[in-house]
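Nothing here was measured: the structure is a model prediction, and the numbers come from that model. Here is how names work: the chains are called A, B, and so on, in the same order as the sequence lines, proteins then strands, and each is numbered from 1.
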Amino acid sequence: MQIDHAQNNAPTARRMDLFALTWRMPIIVWQVLFFVGPLLFMVAMSFFLVKNYVMQETFVFDNWSKMFSRGYFRDSYFYTLFLATLSTISASLLAFPASFALAFKVSDSTRRWALFLLIIPFFTSYLVRIFSWYVILAESGVINGMLSTIGLGPYTMLNTKFGTVVGYMTLTLPLVVVLQTFSLANIDRNLVQAAHNLGCSPWRTVYTVIVPLAKTGLIVAALFCFILSFGDFVSPYYLGGSKPPTLPILIIDTTKSGQQWPRAAVIAVVMMATLITIAFAAITLAYRKRTSR
Amino acid sequence: MSTPPVSPLVTMEGVDKHFGKFVAVKGLNLTIDKGEFVAIMGTSGCGKTTTLRMLAGLEQPTAGTIRIAGKLMNDVRPHERDTPMVWQSLALFPFLNARENVEFGLKMRNQQAEVRRKKALEWLDRLGVSEFAERNVETLSGGQRQRVALARSLVTEPQLLLLDEPLSALDAHLVIRMQSVLTKLQRELGITFVYVTHSQSEAFAMADRVIIMSNGEIAQTGIPRDIYREPANRFVAEFVGRNNIISGDVAKAKGKKIEINSQIGIFKFNANRPAVPTVGKAVTFVIAADLVEVTRTKPKADNVVECTLISEEFIGSMVTLFLETADGTEFKVQLQERELAKLDHNSGGKFYLSWQAESAHLLPSEKSI
């Protein structure tokens with residue numbers, strides 16, 4: 001019906017397209033100017049040279065070969081990958097029971113309130129929230145204070161991997177819970193009951209039926225967590241003590257030492273490539289339909 | 001066709017189910033024999049699905065006891081029972097292919113992969129869908145999915161199969177096909193089927209026994225013929241088939257022959273049950289629409305009513321005429337389409353409805369539920 005309409009009234013259809021295009025233009029212009037443009041410039045810059053603190057527009061592979069020959073870059077890369085993965089797994093596992101309860105065990109109004117409360121952390125700046133962890137995690141902080149009353153500690157939690165991951169999850173955990181809750185709440189309850197009906201115990205139903213049904217949402221939630229953690233500068237800097245440095249910290253350090261913007265661009269391009277690969281793989285996995293085996 | 005007496009497989013005694021203040025089922029007493037095909041029928045909200053879900057353990061009764069094969073089931077959880085259900089929505093797992101869906105119940109019983117696969121393929125073959133074994137269930141047609149769902153429920157060879165309006169999503173011609181598949185399977189396997197439906201044709205075509213529910217209670221239970229010809233009360237008489245219902249006071253009673261005074265005249269009936277009502281008592285008779293004669297000239301019969309035609313309804317070769325007496329009482333008459341031509345029904349005018357005294361069925365009580 002619609003196709004016929006479009007063919008029979010081609011001029012009208014074209015006018016409609018123009019109208020729609022007008023409304024689509026702002027976002028296209030924005031993306032081209034502030035995303036695609038800078039991205040291409042960054043890729044180009046990774047081939048520039050810096051001489052006497054002045055950047056020269058050249059096309060040489062010096063920056064790439066230098067960065068890839070440095071051990072610290074490779075170490076930092078895998079360390080960042082490791083921390084982001086750790087954060088993703090921890091956040092997904094910690095969030096799941098909460099999301100499960102919100103999706104299946106509470107009333108609709110409780111779920112609405114919980115989702116509202118989960119959005120509240122985003123009202124304040126991430127940086128402020130990270131600083132507030134100092135009070136809690138410091139040697140003389142809240143946690144160690146409580147532990148000392150039962151004769152434990154003090155434990156060092158600031159400037160550690162633990163601190164970094166806590167920081168990452170401050171950013172990502174509420175988001176992961178929200179995304180997981182949405183995907184779990186959309187599951188057809190009949191399928192869950194059908195599993196019970198066929199002899200599947202409630203525990204077993206979680207991983208044989210509920211997780212496969214919510215797969216797309218669970219993977220997308222994890223992907224968001226990974227992307228945010230991988231690119232985060234604040235948490236590894238303030239709570240991780242930037243030792244060893246993650247890639248975002250390495251970018252800052254590289255630009256500060258000798259105005260090496262082209263080498264920083266190399267790091268940035270590598271990060272972009274990594275994230276694009278992982279995001280593509282995750283989305284493919286999330287939406288993969290079953291095919292015959 | 002009657003088999004020797006068998007022990008009941010399912011016994012429900014005094015079962016109540018409340019959802020908050022809503023009473024879904026009240027005081028349900030029901031026994032279902034081994035190998036029986038029972039249909040529970042009623043309008044939506046009559047408690048038929050709740051009853052089925054209680055048998056599956058998906059709802060717990062508020063009061064009363066449910067026994068299956070002699071075992072008290074009130075506190076047995078769904079996954080600890082062997083009461084597979086065929087769902088209205090089919091509830092096939094979209095992340096598994098047809099064979100894996102069928103294997104699911106066996107997997108939960110920790111059967112070996114080889115055995116599971118073999119049994120699943122056998123059942124898919126038995127239901128005529130083995131060629132789709134490795135297909136994604138979402139790519140199958142409604143009828144094919146229906147068969148996969150049946151195979152999934154039957155693969156564990158249960159004693160009792162619960163069916164919740166399984167055919168309601170299918171096209172009319174597929175419904176007839178699946179009805180014969182279901183009755184054939186049930187007879188071959190000797191499994192007890194409890195079939196919930198709102199469709200009279202499905203219930204009457206398949207079931208050995210039909211249970212009519214209304215407002216959470218059983219309105220009548222019996223073989224399809226009895227439900228149709230001898231409704232136990234006004235609700236069943238109105239719900240099932242096309243019946244004409246006449247109420248009045250007994251004016252004369254001579255043996256079985258009685259005469260009643262009703263709003264639209266005096267009628268003669270034969271009381272078709274031992275307890276003959278006495279003079280002055282209020283009674284209700286039911287005359288099935290297919291037992292009423294319709295003519296253009298006044299016939300000689302026990303009971304005659306003069307009517308005008310309001311409307312007609314065709315279902316294949318059967319026609320239902322809706323007529324009205326002078327005071328607005330409605331009558332229904334069923335006849336063959338070919339008989340309709342003789343009536344010259346489009347020219348308007350008077351019609352005479354008539355029936356014999358013995359065609360009527362006396363309702364045992366005026367209990368209205």
Verdict with reasoning, A:L218 to A:S183, per side-chain contact (heavy atoms from CB on, under 4.5 Å): CA-CA 7 Å; A:L218 299 181; A:S183 69; 4.1 Å; yes
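If you measure heavy-atom distances from A:V192 to chain B, you find no contacts under 4.5 Å at all. Looking at B:L106, neither its backbone nor its side chain comes within 4.5 Å of chain A, counting heavy atoms on both sides. When heavy atoms are compared at a cutoff of 4.5 Å, B:N110 approaches chain A solely by way of its side chain, counted from C-beta outward. For a residue to count as touching a neighbouring chain, one of its non-hydrogen atoms must lie under 4.5 Å from one of that chain's; by this rule B:R53 touches chain A with the side chain only. In this structure, no portion of A:T205 lies under 4.5 Å from any heavy atom of chain B. Of the atoms belonging to B:S89, it is side-chain heavy atoms, and not backbone ones, that fall under 4.5 Å from chain A. With a 4.5 angstrom heavy-atom cutoff, B:E138 touches chain A only via side-chain atoms.
With 3.5 Å as the limit, one finds no donor-acceptor pair spanning the side chains of A:T208 and A:R204.
Under a cutoff of 6.0 Å and an axis angle of 45°, B:R147 and B:F132 do not form a cation-pi pair.
With respect to B:R177 and B:D171, no salt bridge is recorded, no charged nitrogen being found less than 4.0 Å from a carboxylate O. For B:E103 and B:K118, the salt-bridge test fails: no basic side-chain N is under 4.0 Å from an acidic carboxylate O.
Between B:F95 and B:F93, the ring centre distance stays below 6.0 Å.
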